[in-house]
Each structure stands twice: as C-alpha cells, then as structure tokens.
Amino acid sequence: MSHLGILEPGSRHDLRVGISPDAPDEGQLPDEGEGAFGYAHSYETASRYDGPGLRVVLFLSGCLLRCSYCHNPDTWHLKDGTYISAQQVIDRLAGFAPALRALNGGLTISGGEPMVQLAFTRRILAAAKQMGLHAAIETSGYLGDRVDDKYLENLDLVLLDIKSSDPQTYRAVTGRDLDPTLRFAERLAAMGKPVWVRFTLVPGFTDDPANVEGIARFVAPMKNVEWVEVQPFHQLGAFKWKAMKLEYKHVDTPTPTPDLIERVFEQFQNAGCNVR
Amino acid sequence: MEGSVGLKERQQKDCWRDFKAGDWRRAIDVRDFIIRNVSPYSGDESFLVGSTARTKAVWAKLQPYFEAERKKGVLDVDAKSPSNLLAHDAGYIDRDNEVIVGLQTDQPFKRAIFPYGGLRMVETGLKAAGFEPDPLVHEAFTKYRKSHNDGVFDAYTPEIMKCRKAAIITGLPDAYGRGRIIGDYRRVALYGIDRLCEAKRAERAQIDDMWPTDEIIRSREELAEQMRALDDLAEMAKRYDCDIARPAANAQEAVQWTYLAYLGAIKEANGAAMSIGRVSSFLDIYIERDLREGALDEAGAQELWDQLVQKLRIVRFLRTPDYDALFSGDPYWATECVGGMGLNGDTLVTRSSYRMLHTLTNLGPAPEPNMTVLWSKSLPESFKHYCIRVSRETSSLQYENDDLMRPFWGDDYGIACCVSAMRLGKQMQFFGARVNLAKALLYAINGGRDEVSGEQVAPPALPVNGEYLDYDDVVAKFDATMEWLARTYVHAMNCIHYMHDKYFYERLEFALHDRDMLRTMAFGIAGLSVVADSLAAIKYGKIRIVRDDRGLAVDYVNESEAPVPQFGNNDDRVDSIAAGLVTSFMNMLRKHPTYRNAVHTQSVLTITSNVVYGKATGNTPDGRRKGEPFGPGANPMHGRDSHGWLASCLSVAKLPYRDSQDGISYTVSVAPQKAHLSDAELISEAAKAFDMYFGAGGFHMNLNVIDKETLEDAMANPDKYPQLTIRVSGYAVNFIRLTREQQQDVISRTFHGQV
Ligand code: SF4
C-alpha cells in the first residue's frame with residue numbers, strides 16, 4: 001500500500017521517479033476495484049491544445065507502451081506516480097469547473113495511458129460529466145478492448161494516438177502490437193464517437209510515405225474522426241531520458257523540416273482527412 | 001460690471017453650444033456632463049488613421065532626446081528655480097507643428113527641482129545626475145523655509161526611524177511628493193478658471209461662518225491657496241497664449257485646457273504617481289461636436305490624441321538612485337483610464353477610447369501614459385477584441401475590473417498610479433507605500449529582532465524556542481507582530497500626511513477637487529505570497545529552524561516528504577491563508593485613528609520594488625532564499641504557480657477587494673500558445689478568459705504578451721531574461737535554459753501560425 005499523497009505541486013515538465021515504490025506493476029492492471037485511488041503524474045490548467053476550449057489536463061502514470069520518442073518516460077510506471085484519491089482529483093477539478101465551463105472547455109485525461117487505471121478514470125470522467133464539463137482522454141488505444149461501452153458514454157472525445165500503420169514499425173517504435181489500436185478505432189467509428197487522431201511525425205522512424213499513407217487511408221473513411229493532428233517530434237523530453245538513465249534512441253533525430261511536414265499534410269489531405 | 005458678466009455668459013453659452021443641458025451647468029459636475037453628452041461607440045477600429053505630418057515632425061524632433069537620455073540619463077536640470085506654476089517661461093519642442101503645447105520647464109527634457117518635498121532628495125538627485133546644487137536654493141531651504149521632509153522627521157519617533165532603517169516599512173513619501181492625487185483636470189476645459197474660482201469662493205463662504213476648529217482653519221487656508229493656484233494656472237496658460245479663464249470652445253482647446261491643467265499639476269508637485277485621470281471619453285464629446293460641425297476630420301482628431309500622448313511621454317522628474325532602485329525605469333504613472341460602463345448601463349467606450357489606445361500604434365509602444373482599460377463583461381465585444389489586439393502588439397495595457405469597482409466608486413473614477421481607484425474630483429488618498437510582511441513574519445519568529453542585522457526592531461517578545469516551527473505558535477506570534485506593525489505604520493502615515501499638507505500642499509490638484517472630499521489612507525503590503533507559502537509550509541510540512549551563533553533563526557529546512565501547497569495553484573488550503581492575511585492586516589490597520597479621519601484602505605502592490613524588498617529579507621520558511629525577490633504585487637512566487645495561468649489567476653482572484661480597496665496587482669506573461677484556432681478565434685477566446693477572470697473576482701491584470709522578437713532577443717541576450725517562461729504544447733519551460741536548437745524550435749513552433 002503506497003503512502004497517500006497530494007497532487008501538488010509541479011508541472012508535467014517536472015521529472016518524477018520512484019514516488020510510490022510499493023505500487024503494483026502497470027502490467028498487472030490494478031483497476032478492477034472501486035477506483036477510489038490511483039497514480040498520477042501531474043496536472044496542468046489552461047491547455048488549449050488537448051481538446052476544445054480551455055482544458056485541465058490530468059497526466060496519469062502507467063503505460064504499457066515504450067515509445068522510443070516518448071517525452072514523458074517518467075509516466076510509464078505506476079510507482080513513479082503519486083498515489084492519490086479520486087476524490088481529491090474531483091475536488092481540485094471542481095475548483096476549476098466554473099472557469100472551464102465559461103471557456104467551453106473541460107477535462108482531458110492523458111498520461112501515460114489513462115486506460116491502465118480503468119476504474120479510477122471511470123470515476124473521474126463521470127464526475128467531470130456531472131460538473132457539466134466536456135470530457136476527453138488521450139490514449140494509444142492499446143487497451144481499448146478493456147473498456148466497455150458504458151465507459152465510453154462518459155467521453156465526449158477520444159484523442160487517439162496512432163503511431164504507425166505498419167505493424168513492424170509500430171512494434172519497433174512502441175514495443176507492442178498495432179492491432180488493438182486499429183480495433184479500438186474501428187469500434188469508435190462504429191459508434192460514431194468523436195475522435196481526433198494524433199500522429200507523431202518522427203524523421204527516420206514514422207515519416208515513411210507508405211506509413212503515413214496507411215494511416216491516412218485507414219482514417220479517411222471514418223466520419224467520426226474530426227481531425228488528424230500531426231505532432232512534429234521535439235527534443236524537449238530528452239532530459240528525462242538522460243536523468244532516468246534510459247537509453248535514448250533519438251539523440252540525433254532532427255525535428256521535422258517544414259518540407260516534410262508539408263508533405264505529410266498533403267498525404268492526409270489527399271486521402272480526404274481534415275488535417276492540422 | 002453688468003456688461004462683463006453678460007459677456008461672460010455669452011462666452012460660456014458659446015463654448016457650451018450644442019451640449020445637452022443638465023445639473024452640470026449649475027454646479028461643478030463633470031460626470032453629469034459626460035453621462036448626458038457622451039456618444040457610446042460599439043463599432044470596431046476600422047475608422048482609425050495614422051499620424052499627421054505635424055505629429056510626425058514633433059516626434060522626429062524628440063527622438064534625439066530619447067536617444068541621448070538612454071545613453072546619458074538625466075539630460076538637463078534647472079537647479080536654480082524651485083518648480084511651480086510660474087517658475088518657467090513657455091517652452092516648445094517644435095512650435096509650428098505642436099497642436100498641443102506646454103512643457104514642464106522652458107526646454108524639453110529639462111527637469112525641475114521640488115525642494116518643498118525635501119532638499120536632501122533634490123541635492124542627492126542633482127549630484128547623482130552630475131549637476132551642482134544651487135547655493136541660493138540651499139540657503140533658502142535650510143535657513144528660511146522648512147520642507148515636508150524636515151517636518152516629518154521632527155514628528156517621527158525613534159521606533160519609526162528604526163522600522164525605516166530595517167526596511168520593514170519602506171518607500172514612505174516622507175522626502176518627496178506623495179502623488180496619487182488626481183486633479184479633475186477636465187474641469188478646466190468644461191468650466192474655465194473663472195467659473196471654478198467662483199465655485200471655490202462659494203465653498204469658502206460656506207465655512208467662513210463656522211467656528212474655527214483646526215479643520216476649519218486648515219480648510220480656509222487651503223481654499224485660499226487653491227484660488228491662488230487657479231489664478232496662477234490662468235497666468236501660466238497665458239504664457240502659451242491660451243485664455244483658460246473661459247471654457248474650451250472646441251476640441252483642440254478642450255485637449256489643450258485639460259493638458260495645461262495637468263501640466264500645472266506636474267509643475268507644482270513631483271508625486272510618485274501623477275495620473276491624468278479619465279479624459280478620453282470626456283474629450284470625445286468635444287471631438288464629436290467638432291466632427292458634426294465639420295471643423296475637424298478623423299486625422300485631426302487623432303492628431304489631438306497623438307500630440308497629447310507625446311506630451312505625456314516626456315514628463316520627467318529628478319529622482320535619486322535609491323528611488324530608482326525601488327521603481328526602475330523612471331516611471332511617473334500618467335495613468336489614463338479608458339472604457340468602463342456608466343451606472344445607466346451604457347458603455348463609456350467612445351471612438352476616442354480607440355484613438356487613445358491607437359497612439360500606441362502610431363507612436364509605438366511605451367509604458368507611459370499608463371493605459372488602463374476598465375474591463376466590464378458588458379463592454380462592447382469589438383472594444384474587448386481591440387484591446388487584446390493592442391496588448392498583443394504592445395504589451396502596454398493593464399486591465400482593471402470595472403464591474404468590481406463601479407459599486408464602490410461609481411462610474412467616474414480614475415486610477416492613481418497602478419491600481420488605486422478614486423472618484424475624480426471627489427476623493428483623494430494619503431499614499432503610504434507598503435510594509436514588508438515577510439520580514440514581519442521573521443520578526444515574529446525571532447522575538448522582534450531583525451534576521452539580518454540582529455537588531456531589536458519590534459518590541460522584545462518571546463521568540464520561537466523549539467527546534468521546529470509550530471503553526472499555532474507562529475500564527476499567534478505573527479498576529480502580535482502585525483498588530484505592532486499596523487500601529488507603527490498608521491502612526492508614521494499620520495505624521496507624514498500632516499506635514500505634507502502643511503509644507504507641500506498640492507494647491508492646484510486640490511483646486512480641482514470638491515472641498516469636502518473622501519480621503520482614504522492607503523496602506524500596502526509586500527510579500528503576501530511569501531508569507532502565505534511560509535505559513536502553509538509550517539502547517540502542512542515540518543519546518544526545522546537553523547539558528548546562527550547569535551541565536552537568530554536564519555534558515556528553515558522542510559523535513560517533510562509531502563509536498564506543501566503553494567499560492568498560485570487554486571488550492572484553497574493556501575489561498576485561504578493569503579486571503580485571510582489581507583483581511584486580518586486590514587482590520588489591524590482599521591483599529592488606529594487616521595489623520596483627517598481618512599478611511600483606511602490597503603493595496604497588494606509592489607510595482608518593481610519586490611526586488612528591493614526581497615534583497616533586504618532573510619531566508620523564509622517557504623524555502624525562498626535570502627535576497628531572492630518576492631513575487632510582485634499579489635503574484636505567486638515565481639515558478640511556484642506550476643499549473644498554468646488558469647490556476648494562478650484563480651488563486652489571485654480570491655483575494656478580497658473589500659479589504660484591499662486600494663487595489664490588488666497581478667502580472668501575467670503569456671506567450672501565444674500553439675492552438676488550432678484562427679486569429680479571430682484566439683482573440684475572442686482571450687476576451688472570454690478576461691470575462692472569466694474578472695467574473696471570478698479578479699481585480700487587475702498586467703498582461704505581457706511575449707512575442708517572437710522578445711524570444712529572439714532572449715536568445716541573443718539571455719541575461720536580460722532570467723525568468724522568461726514560455727509554453728509549448730502544454731510545456732512550460734524556462735526559455736534561456738534551452739539549447740540554441742531547442743530555442744529555435746520553440747520559436748518556430750510557437751509562432752508557426754495557424755496551420
Ligand atoms: S504511449 Fe504515450 S506515454 Fe506511453 S510510451 Fe508512448 S508516448 Fe509515452
């Protein structure tokens with residue numbers, strides 16, 4: 001049992017490691033309980049990037065992927081997060097709710113991977129909906145099979161990271177299988193759940209024209225996909241890899257050139273996606 | 001006799017032609033005139049035009065002065081003639097092209113001296129600027145004439161002297177002009193000097209029958225001084241060929257008369273802050289009339305504003321190095337308020353509100369005049385959007401909550417300095433700088449001894465004895481220290497303003513007030529977030545004391561693992577401590593009677609003095625290091641508001657205005673964040689964010705919009721930007737700590753435009 005902590009202070013930019021040493025392994029999916037407690041990395045207010053309007057973004061700990069360019073490797077393990085109560089999160093959120101409503105925004109749960117802590121996020125999302133907030137999660141979709149339709153009812157939007165359309169590339173970049181993500185995307189499409197697809201453009205890794213083409217073709221027919229957002233790779237998370245003594249593959253990876261970004265945009269556009 | 005009265009009436013009628021009549025004709029009531037005659041404007045800025053050739057010519061003449069001043073500092077001083085309305089001949093920049101005339105002395109950028117405030121300040125200032133003090137002035141103000149400064153020090157007690165020296169009560173106006181008094185300069189344009197004198201004579205006649213108590217005698221003398229000042233002002237105006245005995249007859253005269261009145265004020269007093277008030281929508285009434293009559297076109301209207309602002313940008317006072325350390329950048333706070341709503345529900349935004357802000361585009365951004373937007377949820381949307389555009393381009397606007405102030409001060413108040421609201425012509429304040437609350441907390445822990453010098457400053461009390469700080473114990477001791485501080489502070493302020501009224505009375509500014517005005521005594525606190533965070537650290541952490549060989553607590557170590565709440569994160573556990581401090585210190589101040597029965601008020605404002613206060617203050621229990629600057633005003637300590645501006649501004653919005661009626665200052669710097677929004681959407685989202693913050697009770701917002709040029713400059717000169725924080729896709733980073741490549745990346749990312 002971890003020591004009950006407080007979600008204060010610090011931003012997503014702060015490195016957090018080994019805060020809850022007794023936490024279970026994220027692979028053990030410790031979410032079948034009530035969800036009264038969970039592990040969080042940090043939160044931010046005033047994001048205009050992670051969904052419509054102004055948003056509070058809650059970054060949870062725990063992820064089963066190991067993306068080679070991940071800019072928050074200190075969110076991979078539950079033990080690196082702070083053990084907090086859902087009630088505390090909900091109370092904090094309530095303090096922002098009037099402002100978020102006034103600015104047509106809401107809550108986005110990101111990570112890490114929100115679906116690692118299903119019961120915990122279910123609770124928080126339900127509370128957010130009760131406050132009249134727009135609710136979203138940002139997910140890789142890898143654990144999509146685990147959520148029931150009821151879970152999705154409390155979501156107004158899914159920010160779905162599709163890192164690659166090619167199973168080999170996906171495995172090389174994330175260490176996991178692509179299939180679950182595609183299945184999840186199709187399920188969301190079938191139920192008409194609004195989705196923004198996010199694609200991280202990493203030169204030399206995910207920029208292959210065929211890879212981009214594959215995502216574009218997969219996504220284009222889906223009417224629920226409102227946007228495809230291209231996120232150019234950056235080095236701002238590199239310091240965390242160094243501090244955690246992890247082997248970082250992207251020391252020499254450049255940020256995408258304007259030309260490359262332009263090409264990728266065109267690929268999505270030509271396939272019929274709303275890209276930005 | 002009959003004939004001249006008839007002439008005067010005809011003249012007045014002519015000057016007031018086409019204005020809607022009302023009470024303002026029978027009594028001095030500028031507000032009534034405005035409400036009856038103003039033309040609210042809810043359109044956009046598309047009507048605005050650039051500067052005229054004349055304006056550009058004057059501006060070109062001034063550039064070499066600005067440049068020389070940047071290099072050399074003070075360019076010139078008249079060390080011989082103590083300033084007053086008639087001390088200097090008329091002066092010009094470029095006589096043929098000046099539409100609005102009048103300088104503080106006979107030359108632009110030649111500063112004047114004000115020895116009535118205190119000779120020492122004058123002589124120190126002169127020497128620091130490389131000029132010789134004048135022996136005659138020295139003789140006059142040592143042998144024959146006492147100054148405000150001399151008077152105050154005759155009345156100060158040893159305890160007050162100690163507090164001053166220890167920098168627990170600082171910045172007091174005991175050696176220079178107190179400022180923060182706004183004459184209703186518009187009265188001169190609307191009524192002319194003759195009519196104003198008549199009103200003053202009537203005010204005087206009413207009290208001639210009253211028994212001469214101290215207050216009545218003082219009032220009589222003051223009214224006599226005021227009438228003399230009005231005569232002198234008319235004489236000064238004559239030197240510029242302006243007959244201000246009568247009302248202004250057109251827009252040019254209205255701007256000119258108003259400016260001459262303001263100019264008179266800055267010739268008579270060197271107050272720390274010399275606001276101009278709220279002139280834009282008043283003067284707009286004259287401009288609208290001239291436009292109707294075909295006597296003026298838009299270029300001519302803008303020219304009046306541009307040229308008025310040029311004059312307001314070259315106001316200069318001689319200050320000392322100490323003063324400059326407190327308030328860097330030679331400020332004088334010629335604050336002008338634009339916008340706001342009338343009590344009748346109509347907006348007070350006029351085309352001239354736009355024209356005033358547009359001077360920032362025509363003449364380039366500048367801190368003076370200190371443009372203050374009175375924000376209301378009900379302002380026309382297009383005006384809100386225009387203000388935000390101007391902010392984004394110039395970072396030169398501050399915003400204050402009209403919806404919060406209107407119930408207190410009506411719809412014709414101005415802002416003195418940065419955040420002090422006062423009804424124009426009907427209210428003044430006794431300015432009182434601020435006390436260092438963080439130091440007071442350390443005194444409480446150390447039994448009244450100064451944590452730096454070790455000297456006993458506050459009365460000896462039991463210091464904290466144990467190894468750890470106990471919340472209840474510290475709060476009890478801190479309360480006692482604050483009680484002592486409040487008493488000493490009110491005491492000092494009473495001495496100061498008694499002497500200021502006596503030796504350095506602002507006769508012209510008060511001539512442009514009603515006789516029976518509301519007086520407030522404006523106290524202030526610095527270090528609020530440091531104290532709130534310290535108390536929260538003591539309550540939620542485990543703070544061990546480190547003592548030196550004098551037995552003084554000089555450092556604090558938090559041994560608790562748990563993070564402690566910090567002000568600026570919308571966390572009630574600490575925000576309520578901050579709000580409670582504001583209320584409790586205010587109530588302590590209220591216990592002590594004030595000079596002239598002034599109403600106690602308080603501000604949470606430091607301007608740039610947060611650096612100096614920080615320098616003088618030892619380590620604090622919140623982990624702030626000795627010498628580290630405080631957060632400015634009501635700002636959270638830098639970097640501790642780690643969850644973004646929303647959390648930060650909601651914390652500040654919780655501080656209670658009713659217990660801080662002299663204002664709560666909050667500065668926020670934002671870089672345009674990457675967002676998938678069009679420009680128009682971004683602007684309208686920002687307007688909604690303002691509505692949200694002010695709706696939540698926020699009082700003030702000093703908005704810095706960090707632009708690409710700033711970031712590029714920060715790359716080249718990192719030393720200039722130690723605290724520049726920027727946000728990129730949800731990341732907050734200290735800009736200068738990034739590598740060069742990352743900086744470039746951030747710039748291209750942030751300013752990528754809207755894909
Ligand atoms: S899914 Fe997200 S959090 Fe998990 S490793 Fe990949 S980038 Fe990092």
Side-chain angles (χ1 to χ4, degrees), chain A residues 3-14 19 42-50 52-57 59 71-72 82 91-96 98-105 108 110 196 227 229-239 254-256 258 261-262 265 275-276, chain B residues 533 540 561-566 568-575 639-651 653-654 670 672-677 681-682 685-686 688-689 691-693 695-696 727-734 737-739 741-742 744-746 748-749 752 754-755:
Chain A
H3 173 75
L4 189 62
I6 295 170
L7 193 56
E8 282 295 344
S11 78
R12 176 192 191 184
H13 199 51
D14 294 344
I19 292 166
S42 59
Y43 73 95
E44 292 212 344
T45 69
S47 165
R48 286 202 181 278
Y49 191 63
D50 304 294
L54 198 76
R55 311 193 68 84
V56 163
V57 187
F59 299 97
H71 48 235
N72 289 312
T82 310
D91 290 346
R92 297 296 282 122
L93 186 62
F96 293 103
L100 296 174
R101 282 194 299 261
L103 296 166
N104 309 320
T108 300
S110 181
W196 295 359
W227 290 105
E229 300 187 332
V230 177
Q231 303 183 309
F233 166 77
H234 62 69
Q235 291 280 12
L236 297 177
F239 81 98
T255 55
I261 296 175
E262 186 62 35
F265 263 66
V275 61
R276 60 186 184 183
Chain B
D533 285 357
Y540 296 100
E561 301 265 294
V564 295
Q566 293 175 322
N569 297 298
N570 193 24
D571 185 334
D572 271 332
R573 290 172 301 163
V574 54
D575 296 353
R640 290 191 194 158
D641 48 344
S642 46
H643 298 298
W645 62 258
L646 179 62
S648 182
C649 79
L650 288 176
S651 281
K654 289 177 197 168
V670 294
Q673 191 183 147
K674 185 176 177 186
H676 295 297
L677 295 174
E681 283 169 332
L682 273 174
E685 287 300 313
K688 276 189 221 154
D691 283 341
M692 180 278 299
Y693 165 65
R727 299 175 65 81
V728 195
S729 323
Y731 267 81
V733 287
N734 185 307
R737 296 218 202 117
L738 299 175
T739 66
E741 289 69 33
Q742 287 177 331
Q744 234 128 26
D745 182 43
V746 161
S748 63
R749 233 169 246 282
H752 191 245
Q754 305 309 316
V755 187

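Each chain gets a letter, A, B and so on, in the order its sequence line appears, and its residues count up from 1. Basis for what follows: all heavy atoms, side chains included, without hydrogens, waters or symmetry-related copies. From a predicted model like this one, the values you see are computed outputs, not experimental measurements.
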Least distance between heavy atoms, [X] atom then [Y] atom:
| X | Y | answer |
| --- | --- | --- |
| Tyr43(A) | Asn569(B) | OH-O, 3.8 Å |
| Ala647(B) | Phe96(A) | CA-CE2, 3.6 Å |
| Lys688(B) | Asn104(A) | NZ-ND2, 3.1 Å |
| Met692(B) | Leu103(A) | CE-CD1, 3.8 Å |

Item to check | Validation row: Leu54(A), Leu646(B) side chains within 4.5 angstrom (heavy atoms) | outcome: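 The answer is yes, as the side chains (C-beta and beyond) meet within the 4.5 Å cut-off.
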Next on the checklist: Return the CZ to CD distance between Arg48(A) and Glu681(B), rounded to the nearest 0.5 Å.
Outcome noted: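 One finds 10.5 Å between CZ of Arg48(A) and CD of Glu681(B).
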Checklist entry - Residues in side-chain hydrogen bond (donor to acceptor under 3.5 Å, both in side chains) with Trp227(A), at least two apart? => result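 Trp227(A) satisfies side-chain hydrogen bond (donor to acceptor under 3.5 Å, both in side chains) with no other residue.
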Next on the checklist: List the residues meeting side-chain hydrogen bond (donor to acceptor under 3.5 Å, both in side chains) with Glu262(A), not counting sequence neighbours, and say none if there are none.
Outcome noted: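 Glu262(A): no side-chain hydrogen bond (donor to acceptor under 3.5 Å, both in side chains) contacts found.
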Next on the checklist: Heavy-atom cut-off 4.5 Å, strictly under: side chain, backbone, both or neither for Ala696(B) against chain A?
Outcome noted: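 It is neither, since no heavy atom gets under 4.5 Å.
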